[in-house]
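Counting begins at 1 with the first residue of the sequence.
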Amino acid sequence: QADLNISVDGEVNVTSTENKINKTYDFHGTTFENTYTADDQASGTILKYSPATSATLNGSEIYYLRATGSWAQANATDDTAGAKFLIGVGLGGNSQSVGVLLKGFVRIASTEILNVPTNVDGLPVYMSTTSGHFDFNAPSSSGNIVRIMGYAIDDEAGDVLVYFDPDKTWVEIA
């Protein structure tokens, strides 16, 4: 097995004459805790962007891209803090040089995910009413926003491997 790094200055196209291109993550062969050995490690689509500010984003926390071009912690208490906006997970660094995970697998620190049940596999995780946090319980108070952030794959010592794929829809509780 070898690592493959491709660095180019232009466009890269991958084409298959048989239309068979796969991207495989094997957490069965090598468990996630041995693949992502520290919190905030991720694989997937990462966006390095923040024209308004060059802020340091906390790892394992949910952020939304504000109309001002800066990232702020998402919060499900109302529809102004992430309900309808682009969502990402902070990777513990600068928003312009480290970026945010838009979609993929990420190890979420135990301190940033609430109400972790005994068995997490396959369960949805939601945007929390606690700023920046994930939650296994959907918000339930009037005015709260319910938006799925992704699904839990596995857990280890309180940390949770999440397939981060924020739902494009959300519901406000009456």
**Prompt:** Taking everything shown except Asn119 itself, do over 12 heavy atoms lie less than 6.0 Å from its CG?
**Reply:**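 Counting neighbours around CG of Asn119, 12 or fewer heavy atoms of other residues, nucleotides or ligands fall under 6.0 Å, so no.
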Rounded distance [0.5 Å steps], [atom1] in [X] versus [atom2] in [Y]:
{"X": "Asn115", "Y": "Asn137", "atom1": "CG", "atom2": "CG", "value": "4.0 Å"}
{"X": "Gln96", "Y": "Leu47", "atom1": "CD", "atom2": "CG", "value": "11.0 Å"}
{"X": "Ser95", "Y": "Leu65", "atom1": "OG", "atom2": "CG", "value": "9.5 Å"}

Judged by modelled atom types alone, do [X] and [Y] share a side-chain donor-acceptor pair under 3.5 Å?
{"X": "Asn75", "Y": "Gln73", "value": "no"}
{"X": "Asp78", "Y": "Thr80", "value": "yes"}
{"X": "Thr24", "Y": "Asn22", "value": "no"}

**Asked** Among Phe164, Tyr163, Tyr36, Tyr151, whose ring pair (Phe, Tyr, Trp, His ring centres under 6.0 Å) with Phe105 holds?
**Response**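 Passing option: Tyr163.
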**Verify same cluster id: Ile113, Ile145 (apolar side-chain graph, 4.5 Å)** =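 No, Ile113 and Ile145 fall in different hydrophobic clusters.
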**Item:** Contact summary for Gly90 and Leu57, nearest pair of heavy atoms
**Value:**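 The answer is CA-CB, 4.2 Å.
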**Item:** Shortest non-hydrogen contact from Pro166 toward Leu102
**Value:**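 Minimum heavy-atom contact is CD-O, 3.7 Å.
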**Message:** For the aromatic rings, using the six-membered ring if either is Trp, is the centroid distance between Phe32 and Tyr25 under 6.0 Å?
**Reply:**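 Distance test on ring centres: not under 6.0 Å, no.
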**Message:** Would the distance check show the side chain of Arg107 and the main-chain N or O of Gln41 forming a donor-acceptor pair, the cut-off being under 3.5 Å?
**Reply:**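 No: the side chain of Arg107 does not pair with the backbone of Gln41.
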